[in-house]
Number of protein chains: 2
Amino acid sequence: MRFETSTIKDIAKALGLSTSTVSRALRDRYEISDETKKVVLAYAEKVNYRANPIARSLKERRSYSIGIIVSEIANNFFSQVINGIESIAYARDYHVIIAQSHESHKQEKLNVEHLASRSIDGLLIALSSETQDIDYLRDLYGKGLPIVFFDRVPDNFETHKVIANNFKGSFDATEHLILSGKKVIAHLTSSETLSNTKERLEGYKAALAKYHIEFNPEIVKYCQHGGMHNIELEQAVKELLPLKPDGIFISSDRLTTGCIMALKKTNPEVAHKIAIAGFTNSNLVELFSPSLTSVKQPAFEIGQVATELLISMIEAKRPVTEFETRVLDTELVKMQKMLGNRFL
Amino acid sequence: MRFETSTIKDIAKALGLSTSTVSRALRDRYEISDETKKVVLAYAEKVNYRANPIARSLKERRSYSIGIIVSEIANNFFSQVINGIESIAYARDYHVIIAQSHESHKQEKLNVEHLASRSIDGLLIALSSETQDIDYLRDLYGKGLPIVFFDRVPDNFETHKVIANNFKGSFDATEHLILSGKKVIAHLTSSETLSNTKERLEGYKAALAKYHIEFNPEIVKYCQHGGMHNIELEQAVKELLPLKPDGIFISSDRLTTGCIMALKKTNPEVAHKIAIAGFTNSNLVELFSPSLTSVKQPAFEIGQVATELLISMIEAKRPVTEFETRVLDTELVKMQKMLGNRFL
DNA sequence: AAAAACTGTGCAATCGTTCCCAAAAACGTA
DNA sequence: TACGTTTTTGGGAACGATTGCACAGTTTTT
């Protein structure tokens, strides 16, 4: 079962020209006379000629495709980032190949290597929460694969990075909890090794410090798998509650929704007494109960900026040596007034 | 900035063999002596040889890639379907390229044609809610591109299709509303032209009929863009409320969440008085307020089955002429008891 | 009028694989 | 020994596109 299309050779034969002439005419090169160009273009149009991207890739040794690794596409933050990536990539005539790590380092590595063998021209990646060893990425990078990190970035890797202003986002959320009168504010977060975990922890600490609240490490819980497993969350909640928090600041999308879910499931009687502020890009927060204050990341923009940086690396004439880390501001969406809460 | 890897030619030169021999050894063809095979394999391993998939694609005239078109990946149903697709595709050594139609026919067509020109070996597609004209798909199909439809399928196109049991799912949901005492049950649904819109409407009607409730077309509202635009939903809600429904059956993921959102926004005072049952694969329903009864589609399985069917078409020796339509059962998840509703 | 420059086109190599066809090597049989 | 078989290997043409180089034919320069 094959796909029949006309090739440059067919056109050349039909028009009594050489393939080189046809190729050049199609690519609108200056050496070709207007007349020939017109004839070729018209004929190509007529037979609905499409250049075979595979042949071109082989010749030019690049595939016009960008690999994306996220932990999960069923995550509002990441799917919005992907939309941002696509918006730029398609406009520049790249296509994207998406793979999911499901927060597993092994899966991540497998996917990256699979993509690399598929000749992607560049890679956009948000590390899995498990990942600590990034030597395999360094390897590929060393071999010439441009890489741009976003959201979860390693600190010992020299390349472009795009992140949200995690410090400020966390500071704002924590401050909001403090200002609404909460005294014991817990912090639920991902793997300690992730860049944004660290930054968000700092923002949280800074807000506490500003209001002279002592930082209590006991009340900070880490989820190694970023909340991929419910048990992880339930465990964290179980450990947290005895410490009687009246507010929780949560540092990621999955953890935020997962934590509320765990709270409702395990301790419904206290769930509505605890104020929650967390990172999430869910567009359904307005429906949540208990409601929460959310820190929204500029996901779409993160995707766009990362893609622009990546394409600039791919298309750079000479190896890029100056790298930038772009930091984009988050937005604090405060809990809706009781209006929304009246239901049920 | 290039990516340097060793090729078959390099291996051949290093080992003093011909490229044909090396190629055969690597592909484990029978004509090769065990000894040579061993030497080649060992050396290939040593230099970490990876076949260039682009060159192979060119030669074999296929790309080992599958195109996917969905309206949006930021939709639980579709992201679960994609997970199902990936699980099969990767195991069979295909990779997937995902594109989004955003419920726009134009975008859908553009994407499909882009994918086709990228030499995908087959296409998995859920039509956009706008789509009526599928001649362009017929065209590609006629040229030899295998296509499998899922979720939203056209009825006048002979190929494999995979759908949920929309009739039964709708019947169950509607019956559930009736059995919980609702008298005036509205129906909010997508574009009239979509296959599943029709089937779901039939299920709704059948449940009403079973309980001798007269069907009232007035109380059925269609959203042409599947709820992509909020205004569409708010308009529908506005038209529905004067008819005093005490239950609403909603026929798609986006509409379900969108409708609750619109209700809360425009008429918070009645929102909690109306029982809602709707199709949704959101894993966050437990957090919703007002809570709702949901019809969950076997999204992951739909993806798996569709991919198996597609790959069987791709790899078929001769054109496939017998097609099947697989129908998978949905699951009704009833509204949680008031426990969950106590919050807020 | 000869030399130089410019136009427009074609030839052929190339990208990395695969595979048809033939050649060489190894073996068996008469 | 000579011949036919079988097994193993190599040569080289694809796949479809791009591009450096060469070569006509025309125009400009000296």
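A, B, ... follow the sequence lines: proteins, then strands. Residue 1 opens every chain.
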Tell me which donor-acceptor pairs under 3.5 Å the side chains of residues 65-73 of chain B have, and how far apart each pair is, sequence neighbours excluded?
unit_1  : atom_1 : unit_2   : atom_2 : d
B/Ser65 : OG     : B/Ser63  : OG     : 2.8
B/Ser71 : OG     : B/Glu103 : OE2    : 3.4
B/Glu72 : OE1    : B/Arg254 : NH1    : 2.3

Length of the line joining B/Leu17:CG and C/dT18:P, which is rounded to integer Å:
16 Å
When rounded to whole Å, the CG to P distance for the pair B/Asp10 and C/dG16 reads 8 Å
Between the opening five pairs and the closing five pairs of the helix from C/dA1-D/dT30 to C/dA30-D/dT1, how far apart are the helix axes, to 10°?
60°
Does anything in [range] form a salt bridge (Lys or Arg N to Asp or Glu O under 4.0 Å)? List the pairs, not counting sequence neighbours.
range: residues 81-99 of chain A; value: A/Arg92-A/Glu315
range: residues 42-55 of chain A; value: none
range: residues 120-131 of chain B; value: B/Arg62-B/Asp121

For A/His114, give me all partners under ring-ring contact (aromatic ring centres under 6.0 Å, His included), at least two apart in sequence or on another chain.
B/Tyr90
Pairing residues for A/His95 by the ring-ring contact (aromatic ring centres under 6.0 Å, His included) criterion, not counting sequence neighbours
none
Nucleotide by nucleotide, nucleotides 11-18 of chain D touches protein heavy atoms under 4.0 Å in the pattern (B base, S sugar-phosphate only, - none) BB-BBBBB
Side-chain atoms of residues 25-33 of chain A: list all donor-acceptor pairs with protein atoms under 3.5 Å, sequence neighbours left out, distances to 0.1 Å.
unit_1  : atom_1 : unit_2  : atom_2 : d
A/Asp28 : OD1    : A/Lys37 : NZ     : 3.2
A/Ser33 : OG     : A/Thr36 : N      : 3.3
A/Ser33 : OG     : A/Thr36 : OG1    : 2.7

Check each residue of residues 32-48 of chain A for a non-hydrogen atom within less than 4.0 Å of any atom in DNA chain C, then write out the ones that pass by number, or none.
A/Ile32, A/Ser33, A/Thr36
To the nearest 0.5 Å, how far apart are NZ in B/Lys13 and OG1 in B/Thr7?
8.0 Å
How would you list, by chain and number, every residue that makes a side-chain contact (heavy atoms from CB on, under 4.5 Å) with B/Lys106, sequence neighbours excluded?
B/Ser104
Which donor-acceptor pairs under 3.5 Å do side chains of residues 300-309 of chain B form with protein atoms, sequence neighbours excluded?
unit_1   : atom_1 : unit_2   : atom_2 : d
B/Gln304 : NE2    : B/Ser87  : OG     : 3.2
B/Thr307 : OG1    : B/Gly303 : O      : 2.6

